[in-house]
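Structure first, commentary second.
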Amino acid sequence: PPGTKYQWRWAHYQPIDSIVDKVSKAVVQEIAQKSQGRIKIDIYPASQLGDWMEVSEQIMRGSVEIGLLPVSPAYDPRIQVRVLPYSVMNWKEAESAFLGVNPYILNIMEEVMSGIDLKALAVVAQGFGGGGFAQVPAVDVLDPAADKKGIKMRFPPGNQAWENMVKAMGFLPTPVPWGDLYMGLQTKLVDAQVGGQVYDTWVSFRDVTKCWVQYNTHFQNSFIYMNANLWKKLNPADQQIIKNACVNQSKASFGIARSEDEKYVDMMKGAGIKVIIPTDDQLVKLSKVIRAKVWPVMDPIIGKKIMNEVR
């Protein structure tokens with residue numbers, strides 16, 4: 001269109017009307033408005049341009065300009081700090097780690113991502129993780145010391161922190177890719193899963209879930225990021241417009257995610273899925289065990305310096 005100086009592609013990986021989609025639309029709209037149409041961005045939702053790991057690479061190369069996606073630790077293992085189990089315990093801690101005066105996890109991510117040609121712009125909250133069980137468990141799922149009777153729990157393949165977390169919780173860790181998980185739960189390859197939150201468990205696995213435990217395993221988040229070289233070429237005024245739009249919607253995403261977590265928990269209850277919500281005391285006990293067993297394993301992987309900042 002006339003007056004358009006930049007025309008970019010924005011990629012994301014979640015269904016239309018998910019938090020990620022709502023935030024994408026809001027950011028793109030604000031950028032168009034504030035730049036008076038100079039920066040026009042088309043959104044490609046739901047992995048239309050490839051799965052998020054591929055798109056992440058395309059953004060590094062600059063063939064896609066910008067997106068709202070997870071960040072893969074394949075290029076830099078320090079990125080695992082983004083979803084380190086029990087690094088933040090609740091909404092208040094999540095906000096200070098990613099939005100606060102000194103948002104230490106955001107700062108770490110910005111620094112690490114700049115090393116792989118990505119400019120981190122803001123974090124988008126998606127809620128807190130938990131565990132889905134194909135049957136209502138006949139064991140105490142909240143006490144790490146309780147006998148779990150051989151329950152096999154899926155963890156995201158290749159993630160040492162998560163494998164060790166599942167072990168520390170007392171379950172048998174089994175790596176299964178997200179895309180194969182429905183089948184895995186159906187055929188009893190695994191009995192339970194962690195790695196997502198209540199929203200994606202409801203959307204993808206509600207037919208094979210009889211029980212949901214709100215473990216608050218991790219704070220589920222994605223990042224808005226763009227190609228770093230493209231960012232450097234923009235004039236400061238345009239950089240400011242983009243950054244502000246991202247930060248505004250980043251702040252809004254925390255409220256949206258919080259109410260969505262509550263909404264989908266209610267929907268699960270309504271569908272007859274048993275929901276177990278730990279007390280604060282139970283969560284503190286569980287997190288102490290997991291931090292003690294998992295975090296030392298991550299020192300050599302994420303690096304002592306970053307891990308000590310988290311501690």
Decide yes or no for Tyr6 and Ser35: does some side-chain heavy atom of the first lie under 4.5 Å from some side-chain heavy atom of the second?
no
Taking all heavy atoms of Pro144 and all of Leu142, pick out the closest pair and write down the distance.
CD-O, 3.3 Å
Nearest 0.5 angstrom please: Ile241 CD1 to Lys34 NZ, how far?
8.5 Å
Using a 3.5 Å distance criterion without hydrogens, assess whether the side chain of Asp180 forms a donor-acceptor pair with backbone atoms of Val176.
no
Would you compute the distance between atom CH2 of Trp10 and atom CG of Asp42 and round it to the nearest 0.5 angstrom?
12.5 Å
At their closest point, which heavy atom of Met153 faces which heavy atom of Val194, and how far apart are they?
SD-CG1, 3.7 Å
Tightest non-hydrogen contact, residues Ile224 and Cys246, listed as CG2-SG, 3.8 Å
Is it the case that the ring center of Phe98 lies less than 6.0 angstrom away from the ring center of Phe219?
yes
Measure from the ring center of Tyr225 to the ring center of Trp231 and say whether it is less than 6.0 Å.
no
Does Lys243 reach the main-chain N or O of Leu121 with its side chain, forming a donor-acceptor pair under 3.5 Å?
yes
Are Tyr182 and Tyr264 co-members of a hydrophobic cluster defined by side-chain heavy atoms under 4.5 Å apart?
no
Do side-chain atoms of Asn221 reach the backbone of Val124 as a donor and acceptor pair under 3.5 angstrom?
no
Just by distance, with hydrogens left out, do Asn90 and Asn216 show a side-chain donor and acceptor under 3.5 Å apart?
no
Does Lys251, at its NZ atom, have more than 12 non-hydrogen atoms belonging to other residues, nucleotides or ligands within less than 6.0 Å?
no
Checking side chain to side chain contact (heavy atoms under 4.5 Å, CB included) for the pair Ile59/Leu69: CA distance, chi angles, key distance, verdict?
CA-CA 11 Å; Ile59 297 175; Leu69 303 154; 3.8 Å; yes
Is any side-chain heavy atom of Thr209 closer than 4.5 Å to a side-chain heavy atom of Arg206?
no
Find the distance between CE (Met169) and CZ (Phe171) and round it off to the nearest 0.5 Å.
5.5 Å
Could you tell me if Tyr13 and Ser222 have a donor-acceptor pair between their side chains, going purely by distance under 3.5 Å?
yes
Decide whether Val284 and Val88 are clustered together by the hydrophobic rule: side chain heavy atoms of Ile, Leu, Val, Met, Phe, Trp, Tyr closer than 4.5 Å, transitively.
no
Would you say Glu95's side chain and Lys92's backbone share a donor-acceptor pair under 3.5 angstrom?
no
Following the transitive rule for hydrophobic clusters with a side-chain heavy-atom cut-off under 4.5 Å over Ile, Leu, Val, Met, Phe, Trp and Tyr, establish whether Val136 and Val213 coincide in one cluster.
no
Could you check whether any side-chain heavy atom of Asp147 comes within less than 4.5 Å of a side-chain heavy atom of Val139, counting everything from C-beta outward?
no
Using every non-hydrogen atom in the two residues, find where Arg154 and Gly195 come nearest and quote the distance to one decimal.
NH1-CA, 3.8 Å
Looking at Ser253 and Ser250, would you say the former's side chain and the latter's main chain have a donor-acceptor pair under 3.5 Å?
yes
Note, Leu286 side chain near Pro278 side chain (heavy atom, < 4.5 Å)
no
Do the side chains of Asp299 and Arg311 get close enough for a salt bridge, i.e. N-O under 4.0 angstrom?
yes
Are the side chains of Pro173 and Trp162 in contact, using a 4.5 Å heavy-atom criterion?
no
Expected output: side-chain Gln214 to main-chain Phe128 donor-acceptor under 3.5 Å
yes
Rounded at 0.5 Å granularity, tell me how far CZ in Arg82 sits from CG in Leu84.
11.5 Å
Please lay out, stage by stage, how Val81 and Ser87 fare under the test side chain to side chain contact (heavy atoms under 4.5 Å, CB included).
CA-CA 8 Å; Val81 76; Ser87 53; 6.0 Å; no
May I ask you to check whether over 12 heavy atoms, not counting those of Gln48, lie within 6.0 Å of atom CD?
yes
If I compare all heavy atoms of Val55 with all of Gly50, which pair ends up nearest, and what's the gap?
CG2-O, 3.4 Å
Any side-chain heavy atom of Leu118 sitting closer than 4.5 Å to one from Phe223?
no
Ile256 meets the side-chain contact (heavy atoms from CB on, under 4.5 Å) criterion, sequence neighbours left out, with Ile19, Glu260
Would you say Trp178 and Met165 are hydrophobically clustered, going by side-chain heavy atoms of ILVMFWY under 4.5 Å?
no
When you measure from the side chain of Arg9 to the backbone N and O of Ser63, does any donor-acceptor pair fall under 3.5 Å?
yes
Keeping the roles fixed (side chain from Trp295, backbone from Pro85), state whether a donor-acceptor pair exists under 3.5 Å.
yes
Please confirm whether the backbone N or O of Tyr86 pairs with a side-chain atom of Arg291, one donor and one acceptor, at under 3.5 Å?
yes
Met183, CE atom: more than 12 neighbouring heavy atoms under 6.0 Å:
no
Under the salt bridge (Lys or Arg N to Asp or Glu O under 4.0 Å) rule, collect the residues that match up with Lys263, sequence neighbours excluded.
none
Do Lys167 and Lys293 make a side-chain contact, defined as non-hydrogen atoms from C-beta onward lying under 4.5 Å apart?
no
Check the pair Val123 / Met109 against side chain to side chain contact (heavy atoms under 4.5 Å, CB included), numbers first and verdict last.
CA-CA 10 Å; Val123 70; Met109 290 294 293; over 6 Å; no
Give the cluster check for Val265 versus Phe254: same hydrophobic cluster or not, with ILVMFWY residues linked at side-chain heavy-atom distances below 4.5 Å.
no
Start with the C-alpha distance between Phe155 and Thr217, add both sets of side-chain angles, then the distance that settles side chain to side chain contact (heavy atoms under 4.5 Å, CB included), and finish with yes or no.
CA-CA 12 Å; Phe155 71 93; Thr217 45; over 6 Å; no
Here the gap from Met113 atom CE to Lys119 atom NZ, rounded to the nearest 0.5 Å, amounts to 9.5 Å
Taking the side chain as every heavy atom from C-beta outward, state whether Gln220 and Tyr199 have any atom pair closer than 4.5 Å.
no
Judged by atom type as modelled, is there a donor-acceptor pair below 3.5 Å linking the side chain of Gln197 to the main-chain atoms of Gln126?
yes
State the NZ-CG distance between Lys22 and Leu68, to the nearest 0.5 angstrom.
13.5 Å
Taking 4.0 angstrom as the limit, do Lys25 and Asp21 come out as a salt bridge?
yes
Looking only at non-hydrogen atoms, find the nearest pair between Val166 and Leu172 and report the distance.
CG1-C, 4.1 Å
